[in-house]
Amino acid sequence: MILDIVSPEAKLFSGEVTSVTVPGVDGSFQILNNHAPIVSILEKGTVKIAASSFNFSKEVADKFTRVNDQTYTLEITSGTIEMKDNKVIVLVD
């Protein structure tokens with residue numbers, strides 16, 4: 001599935017991922033390929049991205065924390081997420 005993470009300042013990430021875990025208001029939840037359509041509000045916490053490879057621009061690479069070769073995290077204060085047709089859009093602050 002395709003994941004786009006966008007902040008008011010810049011597009012932070014765009015690429016093919018295997019899963020994304022986000023901090024929902026009722027607890028963290030994970031989205032995998034072919035997940036049902038969803039729109040949700042996010043609260044302060046950690047976005048966890050799993051993919052076979054990552055390619056960050058130099059301007060935003062310092063916002064992400066490397067867990068291992070296939071997992072990175074991003075700390076957010078709030079946001080929204082939309083999943084539809086195997087495309088995930090995360091708007092973050």
Side-chain angles (χ1 to χ4, degrees):
M1 70 185 162
I2 301 297
L3 171 65
D4 287 332
I5 302 177
V6 182
S7 76
E9 296 82 30
K11 181 177 270 193
L12 302 178
F13 177 82
S14 183
E16 182 82 22
V17 300
T18 54
S19 73
V20 60
T21 304
V22 292
V25 293
D26 291 328
S28 291
F29 62 94
Q30 182 180 47
I31 294 180
L32 300 169
N33 202 27
N34 296 315
H35 193 284
I38 186 173
V39 174
S40 181
I41 298 171
L42 305 178
E43 63 180 20
K44 184 175 183 173
T46 304
V47 175
K48 183 177 175 183
I49 308 158
S52 57
S53 65
F54 290 88
N55 192 5
F56 300 111
S57 69
K58 293 175 186 171
E59 295 83 20
V60 300
D62 63 332
K63 296 184 182 297
F64 293 88
T65 303
R66 181 179 181 268
V67 176
N68 58 44
D69 286 344
Q70 297 184 335
T71 308
Y72 277 79
T73 60
L74 171 69
E75 296 299 319
I76 65 168
T77 55
S78 66
T80 59
I81 185 169
E82 178 185 16
M83 166 65 164
K84 183 180 177 188
D85 298 328
N86 274 340
K87 177 155 186 174
V88 182
I89 301 171
V90 181
L91 306 174
V92 299
D93 283 332

Open item on the list: What I want to check is whether the side chains of T77 and D93 have a donor and an acceptor closer together than 3.5 Å.
Closed with: no
Open item on the list: Hydrophobic clustering (ILVMFWY, side-chain heavy atoms < 4.5 Å, transitive) - are V22 and F64 grouped together?
Closed with: yes
Task: Heavy-atom donor-acceptor pair, E16 side chain to M1 backbone, under 3.5 Å - done: yes
- [ ] Kindly write out the residues that satisfy side-chain contact (heavy atoms from CB on, under 4.5 Å) with S7, not counting sequence neighbours, or none if the list is empty.
- [x] E9, L12, V92
Task: Hydrophobic cluster membership, V6 vs V47, 4.5 Å side-chain cutoff - done: no
- [ ] For S28 and P23, work out which heavy atoms get closest and say how close.
- [x] OG-CA, 3.9 Å
Task: Taking every non-hydrogen atom, the tightest pair across Q30 and S19 - done: NE2-OG, 3.4 Å
Open item on the list: Can you classify the ring geometry of Y72 versus F56 as parallel (below 30°), tilted (30 to 60°) or perpendicular (above 60°)?
Closed with: perpendicular
TODO: Please check if atom CG in D62 has more than 12 non-hydrogen atoms from other residues, nucleotides or ligands closer than 6.0 Å.
DONE: yes
Task: Rounded distance [0.5 Å steps], CD1 in I38 versus NZ in K84 - done: 14.5 Å
Open item on the list: Could you measure the distance from the CG atom of L74 to the OG1 atom of T46? Nearest 0.5 Å is fine.
Closed with: 8.5 Å
Open item on the list: Counting neighbours of CD1 on I41 that are heavy atoms of other residues, nucleotides or ligands and sit closer than 6.0 Å, is the number greater than 12?
Closed with: no
Task: Gap separating the CD1 atom of I81 from the CD1 atom of I89, nearest 0.5 angstrom - done: 10.0 Å
- [ ] Check the hydrophobic clustering (I, L, V, M, F, W, Y; side-chain heavy atoms under 4.5 Å; chains of links allowed) and say if I76 and V60 are grouped together.
- [x] yes
Task: Spacing of E82 atom CD and I31 atom CD1 [to the nearest 0.5 Å] - done: 10.0 Å
Open item on the list: I'd like to check the side-chain hydrogen bond (donor to acceptor under 3.5 Å, both in side chains) partners of N86; sequence neighbours left out, ordered by chain and number.
Closed with: N33, N34
Open item on the list: Tell me whether the count of non-hydrogen atoms from other residues, nucleotides or ligands lying under 6.0 Å of CG in D26 goes above 12.
Closed with: no
Open item on the list: Just verifying a value: how many Å separate I49 CD1 and I5 CD1, rounded to the nearest 0.5 Å?
Closed with: 3.5 Å
Task: Distance, nearest 0.5 Å, that separates OG1 of T71 from CZ of F54 - done: 6.0 Å
- [ ] State, yes or no, whether a side-chain contact exists between V17 and V88 at a heavy-atom distance under 4.5 Å.
- [x] no
